[in-house]
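The residues of the chain are indexed from 1 along the displayed sequence. It should be emphasised that the depicted structure is a prediction, and the values quoted were computed from it without experimental measurement.
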Amino acid sequence: MKNMDLARRFVREARAVLRQSPVGRWHERRKLLDQARAWTPADEKLHAFYAQFVGPGDIAFDVGANVGNRTKVFLRLGARVVAVEPQTSCASLLDEAFGREPGFSLIRQALGAEAGMAELKLCEATTIASMSPAWAKAVRSSGRFGAYHWERAERVPVTTLDALIEHHGEPAFIKIDVEGFELEVLKGLSRPVRALSFEFTPECADAALACMERLESLGFSRFNYSPDETLHLEADPWRDASYIRVRLEALRGDVTTFGDVYARSEKAPGPALRARADTA
C-alpha cells in the first residue's frame, strides 16, 4: 500500500510538472478553449436551471467567471453578459473564447467593498484562486483542498458592483463565486437587484451568515439554496432568511458539501422569474 501511495504521488507530481511546461500549458489552454466553445449535455442542464433567472435582453453579471462555464450559458440564454475575472490566464482565455460575442463584456478586475488594488492568491487550480487568506487557510486545514497551495500571488485592480451597475446597467441576475470573498463583493453593492447567488463553504459558515445579513439589509427577502452542483433549488416555495440560516448552521463544518445561496428581491421579475414568483 505504501509503495502504491508513493507511485500515485509520483504520477500526480509528474502531471503537475508537465502541465506547467510550455507544451503542457499550451495543451491545457487548447482544452479549456474547446470546452468553452463546445455545447454539452452538462451545459444544457445549466441552461435549463438558469433560465428561471435570465432571459433574452437581460443583463447577467458572472462574478468569478473563471473559464466561462456560466458565461456561455448566460449568452445562450440571450443575455448581455458582464464577465468579471481578475486572473490573467483566465481573463485572456475568456477574451479569446467570447470576445467576438456582441453581448459579452470582460472586466479584468476583482470585485470588493471599494475600488483599489488587492492581492489575489493563486493556486494550482484556477478555480480556487482567492482574495481571502482566511478562506484558503480554512479549506486547506479542513482537508477539502488539503493538497493545494496558495504560494503565488498577483496584484489586481478592484472595482465594485455599484460601479459595474453604473456603467453596464442593472443586472437581472448576479452569480458570485469568489472563493471566500463573497461578503466583500456584496459590501460593494448598495441596492437590491432582481436576483443573485453566492457560493458558501460550510467551513466558513460565519461568512455565509454575514452575507445573508448583508442581503437582508439591501432589501432581498426571499431565499433558496442549491447543494453541491445539483442545479436543484431545495426550497419550494422560496423561504425567508431564517430558513436558510438554519440550513447553513446545520451544514457548519461539513467538508463533504458546499453550495450556493440564491436571493430574490421584490423588484418586478422578468418573464423567467415571474412564473416561479407567482407560485412562491
Side-chain angles (χ1 to χ4, degrees), residues 11-54 56 58-111 120-130 139 144-145 147-148 150 152 154 156 173-179 197-199 201 226-232 258-260:
V11 170
R12 187 165 59 247
E13 291 178 352
R15 286 175 176 169
V17 170
L18 179 61
R19 283 196 299 270
Q20 293 306 311
S21 71
V23 173
R25 287 196 297 269
W26 185 87
H27 281 290
E28 184 69 16
R29 182 179 178 81
R30 296 311 307 175
K31 178 182 175 182
L32 291 172
L33 274 172
D34 289 344
Q35 291 175 351
R37 290 165 172 164
W39 190 257
T40 69
D43 296 322
E44 199 62 45
K45 291 180 181 179
L46 287 167
H47 186 277
F49 177 78
Y50 284 108
Q52 64 190 293
F53 299 106
V54 178
D58 284 337
I59 300 172
F61 288 179
D62 187 357
V63 181
N66 199 255
V67 295
N69 67 340
R70 263 58 173 181
T71 289
K72 70 174 173 179
V73 171
F74 297 156
L75 287 168
R76 181 68 70 95
L77 285 164
R80 289 191 289 128
V81 180
V82 178
V84 182
E85 178 52 57
Q87 291 185 81
T88 302
S89 60
C90 293
S92 63
L93 189 143
L94 287 167
D95 190 37
E96 187 171 350
F98 306 110
R100 295 185 179 181
E101 295 279 350
F104 174 77
S105 297
L106 175 61
I107 309 299
R108 296 173 180 259
Q109 300 181 65
L111 293 189
L120 174 66
K121 292 288 189 180
L122 303 177
C123 185
E124 301 95 311
T126 62
T127 51
I128 53 175
S130 177
V139 296
R144 181 186 297 275
F145 297 125
Y148 292 90
W150 288 261
R152 296 181 298 117
E154 61 179 311
V156 298
F173 182 71
I174 304 173
K175 183 226 82 179
I176 305 171
D177 182 355
V178 290
E179 311 311 313
S197 69
F198 71 87
E199 187 181 51
T201 308
S226 177
D228 303 308
E229 289 283 352
T230 59
L231 301 177
H232 173 72
F258 65 98
D260 295 278

### Message
With a 6.0 Å cut-off on the ring centroids, do F61 and F173 count as close?
### Response
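Ring centres of F173 and F61 not closer than 6.0 Å.
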
Could you tell me whether the side chain of S130 and the main chain of E179 form a donor-acceptor pair under 3.5 Å?
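Side chain of S130 to backbone of E179: a pair is present.
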
message: Looking at Q87, is its backbone amide N or carbonyl O close enough to the side chain of E154 to form a donor-acceptor pair, meaning the two atoms are under 3.5 Å apart?
response: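 Side chain of E154 to backbone of Q87, a donor-acceptor pair under 3.5 Å: no, none is there.
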
* To do: Would you please say whether a donor-acceptor pair under 3.5 Å links the side chains of T127 and N66?
  =>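 Absent: no donor and acceptor within the cut-off.
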
Whether the D43 and T40 side chains hold a donor-acceptor pair (N or O, under 3.5 Å, no angle test) is what I'd like checked.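 Yes, a side-chain donor-acceptor pair sits under 3.5 Å.
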
State which residue, out of R70, K175, K72, fulfils the side chain to side chain donor-acceptor pair (under 3.5 Å) condition with D62.
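That would be K175.
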
Can you find a pair of side-chain heavy atoms, one from [X] and one from [Y], that are under 4.5 Å apart?
X    : Y    : result
L111 : V178 : no
F258 : R144 : yes
N69  : V73  : no

Fill in: Set of side-chain contact (heavy atoms from CB on, under 4.5 Å) partners for A110, sequence neighbours left out
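A110 satisfies side-chain contact (heavy atoms from CB on, under 4.5 Å) with P86, M131, V156, V158 only.
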
*Scan for ring-ring contact (aromatic ring centres under 6.0 Å, His included) pairs involving residues 79-103, sequence neighbours excluded, and state none if there are none.*
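Every pair satisfying ring-ring contact (aromatic ring centres under 6.0 Å, His included) with a residue in residues 79-103: F98-F104.
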
Review point. How would you list, by chain and number, every residue that makes a side chain to side chain donor-acceptor pair (under 3.5 Å) with T230, sequence neighbours excluded?
Key: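 Counting only residues at least two positions away or on another chain, T230 forms a side chain to side chain donor-acceptor pair (under 3.5 Å) with S226.
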
